[in-house]
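In what follows, every chain begins at residue 1, and chains take the letters A, B, ... in the order their sequences are listed. This one's a predicted model, so the numbers in the text were calculated from it and none came from an experiment.
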Protein chains: 2
Amino acid sequence: MSTRDRLVESTRELLRERGYTGTSPKAIQQRADAGQGSMYHHFAGKQDLALAAITRNAEELTAAAERELSSPGSPTERIAAWLRREREILRGCPMGVLAQDLEIIASDALRSPIAEHFDWIRGQLREILAEGDLDARLADTFLAVLQGGYVLARAAGNTEPFTDAVEGAIALLERATAV
Amino acid sequence: MSTRDRLVESTRELLRERGYTGTSPKAIQQRADAGQGSMYHHFAGKQDLALAAITRNAEELTAAAERELSSPGSPTERIAAWLRREREILRGCPMGVLAQDLEIIASDALRSPIAEHFDWIRGQLREILAEGDLDARLADTFLAVLQGGYVLARAAGNTEPFTDAVEGAIALLERATAV
DNA sequence: GTCTATACGTAGATAGAC
DNA sequence: GTCTATCTACGTATAGAC
């Protein structure tokens with residue numbers, strides 16, 4: 001992996017762990033095993049690095065969501081498959097964590113790629129919900145169950161609240177559609 | 001308000017806005033219009049201040065939740081009333097924001113009062129759900145809808161995702177219980 | 001491309017005077 | 001109780017040599 005790539009990967013890890021405010025250029029360099037000059041040669045600064053990391057996150061998360069949401073099955077089954085995907089819960093959501101950081105939300109350059117990613121998933125979910133004649137607002141409900149599940153799990157120090165939140169939501173959807 | 005109280009209130013505001021990592025002792029002092037020496041006279045340091053702020057948050061949020069959850073009405077109505085309470089969405093959840101901060105979750109002293117607060121609400125919700133013979137896991141589902149709603153709203157820069165998430169969840173619950 | 005030097009401000013306190 | 005001084009480390013770069 002090139003030095004440039006290592007810098008982006010380090011930034012991704014650190015942003016996920018510690019958020020934007022909690023991540024320093026120095027920490028990025030050390031984790032990437034790159035020098036100061038090297039980092040500033042490849043990137044204009046911390047914000048530029050974060051932008052590259054967010055872009056990479058969006059690519060990966062989009063590809064993953066596409067897999068489950070376009071699998072065969074009923075709307076309920078596809079949404080359930082997406083909700084149940086293996087995730088490293090206690091590490092937090094790579095995008096969701098950033099959406100809670102004031103320095104991110106205060107900067108349009110950093111916030112909008114995150115907003116666009118959520119917009120994209122919301123759109124995919126709405127299409128699926130429409131197939132089943134389901135309430136379009138449920139797209140945000142399920143997105144929120146996921147994001148909130150991360151929050152509750154991190155607060156509790158274990159993944160159970162996440163699992164319960166997701167399974168409760170799926171059970172509710174199944175019951176509502178079984179009418 | 002005493003200097004001590006002003007320090008706690010400033011800390012509460014700053015923690016909600018910027019998180020624990022993003023809040024400095026200096027910023028707390030300036031917002032409280034208190035000097036350095038004054039702050040360290042009343043509190044041992046940043047962590048001590050945060051602890052006082054979290055305790056105060058828990059008291060207020062507990063009182064508020066108690067109001068809606070113990071109002072008259074069916075389980076669905078009481079949960080809906082709680083979910084629909086007026087909130088300053090774009091300022092973030094005073095507790096939820098902290099649960100995403102690594103410095104908080106890494107410290108048992110800071111994390112556990114937050115965990116206990118969520119535990120308490122979860123318990124209240126489960127009692128209500130039991131009355132209606134509803135799935136106990138829905139306690140975390142609704143808690144997550146709320147927390148995730150905050151995340152989505154902040155990412156989007158507007159409150160619509162929060163409202164949609166909440167209303168979608170309530171509609172789903174009503175439909176499932178109407179069987 | 002990478003390294004070292006330099007810089008100015010902030011973070012998070014401690015010490016002691018008043 | 002509050003103030004000012006002081007301290008060490010870190011944050012976030014820029015400059016210029018190699």
Q: Could you state the atom-to-atom distance from NE2 of His42(A) to P of dA13(D) in whole Å?
A: 17 Å
Q | Interatomic distance, His41(B) NE2 vs dC18(C) C1' [rounded to whole Å] | A | 14 Å
Q: Using a cut-off of strictly less than 4.0 Å, decide whether Thr3(A) has a side-chain nitrogen or oxygen near OP1 or OP2 of dT2(C).
A: yes
Q) Separation of Arg6(B) atom CZ from dG1(D) atom C1', in whole Å? A) 12 Å
Q. In whole Å, what is the span from the CD atom of Gln29(A) to the C1' atom of dC10(D)?
A. 12 Å
Q) side chain to side chain donor-acceptor pair (under 3.5 Å) between Gln147(A) and Gln147(B): does it pass, once the steps are laid out? A) CA-CA 7 Å; Gln147(A) 291 301 322; Gln147(B) 291 300 322; over 6 Å; no
**Q.** With Arg84(A), the salt bridge (Lys or Arg N to Asp or Glu O under 4.0 Å) member among Glu77(A), Glu68(A), Glu167(A)
**A.** Glu167(A)
Q | Whole angstrom value for the distance that separates P of dA13(D) from CD1 of Ile28(A) | A | 10 Å
Q) What residues, two or more places apart in sequence or in another chain, satisfy side chain to side chain donor-acceptor pair (under 3.5 Å) together with Glu88(A)? A) Arg91(A)
Q) If two hydrophobic side chains count as joined below 4.5 Å and joins carry through other members, does Leu102(B) share a cluster with Met95(B)? A) no
For residues 50-61 of chain A, tabulate all N or O donor-acceptor pairs below 3.5 Å that involve a side-chain atom, not counting sequence neighbours.
unit_1, atom_1, unit_2, atom_2, d
Thr55(A), OG1, Leu51(A), O, 2.8
Arg56(A), NH1, Glu59(A), OE1, 2.8
Asn57(A), OD1, Arg12(A), NH1, 2.8
Glu60(A), OE2, Arg12(A), NH2, 2.9

Q) Short question: side chain of Asp140(B), backbone of Gly149(A) - any donor-acceptor pair under 3.5 Å? A) no
(Q) Across nucleotides 11-16 of chain C, 5' to 3', mark each nucleotide with B, S or - according to how protein heavy atoms within less than 4.0 Å reach it. (A) SSBB--
Q | Atom-to-atom span, CG of Asp33(A) to C1' of dC3(C) - whole angstrom | A | 14 Å
